[in-house]
Amino acid sequence: MIGYSSLQSKSSSISEFRWHLFLALVFTVAAGEMFFDTYRVVYFGAVSFDDYSHYLLYLLDEERGRVPPSPHVYRIGSVILALPFYNLPFVSLSTGSGEVFLPDSVADAKALAAMCAANVFYLVLTALLVYAYLLRRVGTNAQWAFIGAASVLFLGQFLALEGNDGISVFPLTVALLFAAEKKWKWFLLTVFLGAFINEKIIIVTLLIFGLRALAIMSLRSHEAKVTAALFCLFVGFLVVITAFPFPGVNDNQREIGQFISSALSTLKGSTSVKGLYLNVWPLLVLTACWWIAVTGQAEHQVLRRTDVLALLAFFSLIAMLNVQFNIGRLVMYFMPFFVVGCIQALAASDNLRATSSRDGNE
């Protein structure tokens, strides 16, 4: 009996290793494709995007470096994390006619490539984190963990990997998983450090735990204490941007009187085919993930019923800032955490069905 148990354990370990290997192979290929797709877009200037490349050059004390406008200047952490990728070899691209296209300078191209590579790297790291968490902490099998990681990588393409979205979702996901494990000090530390990468990390977590605290209606709950701490961090951020102001590309977003008209304009744009795909579809996908999670039978579900309200509140807030077709990519900051909850519920249902079938056969 002991020999059979040992053999079964060894077989399970080999099967899990195969999934690890398969994940490594698929993600290596996918990461390369995502990098070159993103790099190609910024290299040829095919779309407008938040350009942090000159900020990176500024930190490297390069001649073409400069300080970006607000709010990009406050996201210095994301650029620092991209600095090591500046050492990648320069890659030139050619046009459709086969003619090599050269940018204004090699330094510019290397800085653009560094930001693209960093975004893809941290998105892949986020997917691997989801894989490990589902496998080791939630207790799903390798197949479900792989589906969760692949979902994060696939849906992550809604993010602006030309800017700093791919970098930003990693600390946010780490923080939310710390909270799911009730490691509140690590959670707050991660949010604090993440604020230097992207201030939206504070906003997303404040909405999630603020609404959870309201639902519990207890000042002594962990959620209430965490909300108070997050509110202090948010106020601290406002103090910093007030004490150290920089000219902004979105100064109009601070005009409260424009919020309603901006929201109406953004929502009107969302009714077009482009708007439905870029703004509405990501929201529907995340809402579906939330519904699957909260209606499932998983123990210790990481998502709560109020989390969809945080998602909708964030959607509404972004709409008021008149970002037009950027709502979908920004609500995707919630995506890795919502995927964890969704896979957690699906895996639990699968296990329950397998157990019922086995009991029925006996």
Once you measure the plane-to-plane angle for [X] and [Y], does it fall in the parallel (<30°), tilted (30-60°) or perpendicular (>60°) bin?
X	Y	value
Y52	H72	tilted
W184	H222	parallel
Y58	Y55	tilted
Y74	F237	perpendicular

Measure the shortest side-chain to side-chain distance between [X] and [Y] over non-hydrogen atoms and say whether it is less than 4.5 angstrom.
X	Y	result
I76	L59	yes
F178	L189	no
Y277	F158	yes
R75	K200	yes
W281	L276	no
L311	D307	no
L57	R66	no
L125	F121	yes

Worksheet item: Do F27 and Y131 have ring centres separated by under 6.0 Å?
Response: no
Practice prompt. Would you check if the distance from the ring center of F337 to the ring center of Y333 is below 6.0 Å?
Written response: no
Worksheet entry | Exceeds 12 heavy-atom contacts within 6.0 angstrom, atom CZ of F192 | no
Practice prompt. State whether the number of non-hydrogen atoms from other residues, nucleotides or ligands found under 6.0 Å of R18 atom CZ is greater than 12.
Written response: no
Discussion item. Using side-chain contact (heavy atoms from CB on, under 4.5 Å), reason through L128 and L23 one step at a time and then give a plain yes or no.
Written reply: CA-CA 9 Å; L128 293 176; L23 178 79; 3.5 Å; yes
Residue pair [X] / [Y]: nearest heavy atoms and the distance that separates them:
X	Y	value
V169	T126	CG2-OG1, 3.9 Å
G148	I343	CA-CG1, 3.7 Å
A149	A127	CB-O, 3.3 Å
S70	V73	CA-CG1, 4.1 Å
L211	T306	O-CG2, 3.9 Å
F334	A310	CZ-O, 3.8 Å

Item to complete: Report the C-alpha separation of Y133 and Q344 in whole Å, then their side-chain angles, then the decisive distance to 0.1 Å, and conclude whether the side chain to side chain donor-acceptor pair (under 3.5 Å) test is met.
Response: CA-CA 10 Å; Y133 187 81; Q344 186 181 8; over 6 Å; no
I'd like to know if [Y] and [X] are part of one continuous hydrophobic network [Ile/Leu/Val/Met/Phe/Trp/Tyr, side-chain heavy atoms within less than 4.5 Å].
X	Y	answer
L330	F49	yes
V41	L56	no
V239	L206	yes
M115	V106	yes
I197	L193	yes

Whether [X] side chain and [Y] backbone form a donor-acceptor pair below 3.5 Å:
X	Y	value
T190	P171	no
Q301	G296	no
N119	G163	yes
W186	A179	no
T140	L134	yes

Mind checking the [atom1]-[atom2] spacing from [X] to [Y]? Nearest 0.5 Å is all I need.
X	Y	atom1	atom2	value
L346	I147	CG	CD1	8.5 Å
F35	L88	CZ	CG	6.5 Å
F22	F146	CZ	CZ	4.5 Å
R329	N279	CZ	CG	10.5 Å
T28	E33	OG1	CD	12.0 Å
K225	F209	NZ	CZ	14.5 Å

Fill in: L312/L283 under side-chain contact (heavy atoms from CB on, under 4.5 Å): CA gap, chis, key distance, verdict
CA-CA 8 Å; L312 295 174; L283 180 68; 4.1 Å; yes
Worksheet item: Is there a side-chain contact (heavy atoms from CB on, under 4.5 Å) between Y43 and L112 once you walk through the steps?
Response: CA-CA 7 Å; Y43 187 89; L112 287 170; 5.7 Å; no
Item to complete: Not counting sequence neighbours, which residues clear ring-ring contact (aromatic ring centres under 6.0 Å, His included) with F234? List them please.
Response: none
Practice prompt. With K110 as the cation and F90 as the aromatic partner, state whether NZ or CZ is under 6.0 Å from the six-membered ring centre and within 45° of the axis.
Written response: no
Worksheet item: Does E16 come within less than 4.0 Å of R136, counting only side-chain N to carboxylate O?
Response: yes
Item to complete: Go through F196 and I80 one step at a time and tell me if the side-chain contact (heavy atoms from CB on, under 4.5 Å) criterion holds.
Response: CA-CA 10 Å; F196 294 95; I80 291 175; over 6 Å; no
Worksheet item: Taking only residues two or more places apart in sequence or in another chain, which ones pass salt bridge (charged side-chain N to carboxylate O under 4.0 Å, His left out) with E62?
Response: none
